[in-house]
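What follows is a short report on a single structure.
Note that ligands are numbered from 1 as they come in the structure, with each ligand's atoms numbered from 1 the same way. Just so you know, residue 1 is the first one in the sequence shown, and it goes up from there. For clarity, every value in this text was computed on a predicted model and none was experimentally measured. Quick note: numbers below take in every heavy atom, side chains included, and nothing from hydrogens, waters or symmetry partners.
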Amino acid sequence: MKIIGSLTEISRQAAKWQRQGLKIALVPTMGCLHEGHLSLMRQAAAVADRIIVSIFVNPIQFGPNEDFGSYPRQFQTDCELAEKEGVHAIFSPESKDMYGDSFQTKVHVAKLSEGMCGADRPGHFDGVATVVLKLFHLTLPDFAVFGQKDFQQLAIIRRLVIDLNLKVEIIGCPIVREQDGLAMSSRNKYLLGESRSQALCLSKAIQTARKFVAESQQQVPAATVISQTREIIAQAGGKLEYAVVVNETTLENETIVTPQSMLAIAVKIGGTVRLIDNARLFPEPE
Ligand code: AMP
């Protein structure tokens, strides 16, 4: 497995693979890898000949009061985990190389970036769309693999690819969870003591909503699902940042739960750790 920091070198490597007729899959990450990330690498291996995993804590997607400085970093362990998955190259650039002093271009996917995490984290998705487009240019992927965990991000990237006619196929992968239901996240490392069990309120709210929809004989108003969610989060002592029922593609709010409806929530646990989770509300077809 190659470990590449230089932008020129990753471009050269990707171009070489492309010339050799090898299909490239990119898995963009911020490191601190867990089973969720590894599942994306396995998906990448199933479709492509060469897997590039980027590890880059992207400064421009963090707000001034967010956890850029303290975001968990474990580069050596990440390289070992990726190598075991058969990854061909880790791309881990320096911020100063990605964003020189005169950097001034941002990619803005307008409507899809407005609600949910975009409302709570102004500028976040511009930072994400910008770095993803740069990574695509640098690594020339035929496929790029993202998690459904960041489902607003996935919708934005899909839009970006269509709008800018990018020649990359976006693959979305299901959320990988801990045994007790907590969606895996690098930020779970912040959950100490009581916070860890408190954090279960996200998956509990989602399971409750799915069960309610599955058992309901009539159409379910989104407002009912949202108020049940609020209650579960409040009971657990979490601070709800948002709970929405939205269409999975347009991210527009829905009033009635449909097969395309997603419940998406963001909760602050212990006053500081911001977690997200989501799921389709209708039962999966048999
Ligand atoms: P991050 O390192 O948090 O920026 O995430 C990198 C990629 O891994 C994104 O596409 C995430 O959606 C995905 N990811 C993060 N957590 C999970 C999870 N629990 N299950 C599946 N994919 C995940």
Side-chain angles (χ1 to χ4, degrees), residues 25-47 51-63 66-68 70-75 77-79 81-82 85 87 90-93 95 98 112 116-117 121 124-136 139 141 143-161 168-191 196 199-200 202-203 206 248 262 264-267 273-280:
L26 171 69
V27 181
T29 82
M30 297 204 299
C32 197
L33 302 179
H34 51 67
E35 271 299 316
H37 297 113
L38 304 185
S39 74
L40 308 186
M41 295 173 205
R42 286 168 207 146
Q43 180 58 47
V47 293
I51 312 164
I52 302 176
V53 172
S54 61
I55 298 183
F56 180 56
V57 184
N58 175 33
I60 68 165
Q61 72 185 66
F62 287 78
E66 294 184 354
D67 58 345
F68 175 70
S70 60
Y71 194 85
R73 290 158 168 92
Q74 48 162 50
F75 188 67
T77 309
D78 287 349
C79 290
L81 289 169
E85 295 301 328
V87 167
I90 295 280
F91 174 49
S92 173
S95 290
M98 288 292 270
L112 294 176
M116 299 188 271
C117 290
R121 306 181 68 187
H124 168 68
F125 287 119
D126 292 1
V128 170
T130 304
V131 79
V132 167
L133 184 59
K134 283 171 71 75
L135 290 170
F136 286 174
T139 63
F143 306 94
V145 190
F146 293 85
Q148 186 72 25
K149 158 104 187 322
D150 296 271
F151 119 92
Q152 184 174 15
Q153 167 176 287
L154 182 54
I156 288 169
I157 302 299
R158 288 193 194 282
R159 189 74 254 161
L160 170 80
V161 165
V168 51
E169 183 179 325
I170 302 300
I171 301 175
C173 292
I175 298 178
V176 177
R177 297 177 180 278
E178 302 286 356
Q179 278 208 327
D180 60 7
L182 180 68
M184 287 194 184
S185 161
S186 306
R187 289 192 170 97
N188 291 352
K189 286 218 156 59
Y190 300 144
L191 297 170
R196 174 63 182 76
L200 287 177
L202 285 95
S203 52
I206 282 173
E248 64 182 337
M262 306 285 296
I265 60 183
V267 178
V273 188
R274 186 177 182 283
L275 301 177
I276 56 172
D277 204 340
N278 68 78
R280 191 185 296 275

Please identify each residue that fulfils ring pair (Phe, Tyr, Trp, His ring centres under 6.0 Å) with F68, with sequence neighbours left out.
F62
What heavy-atom pair brings L135 and S54 nearest, and what distance separates the two atoms?
CD1-OG, 3.6 Å
Looking only at heavy atoms, what is the nearest atom pair of Q148 and L154, with distance?
OE1-CD2, 3.4 Å
Any donor-acceptor pair under 3.5 Å linking the side chain of T139 with the backbone of L26?
no
Checking side chain to side chain contact (heavy atoms under 4.5 Å, CB included) for the pair I156/V128: CA distance, chi angles, key distance, verdict?
CA-CA 9 Å; I156 288 169; V128 170; over 6 Å; no
How would you list, by chain and number, the residues with a heavy atom under 4.0 angstrom from ligand 1?
P28, T29, M30, H34, G36, H37, L40, Y71, F146, G147, K149, D150, Q153, P174, I175, V176, M184
Heavy-atom closest contact (V87 atom, M41 atom, distance):
CG2-SD, 3.7 Å
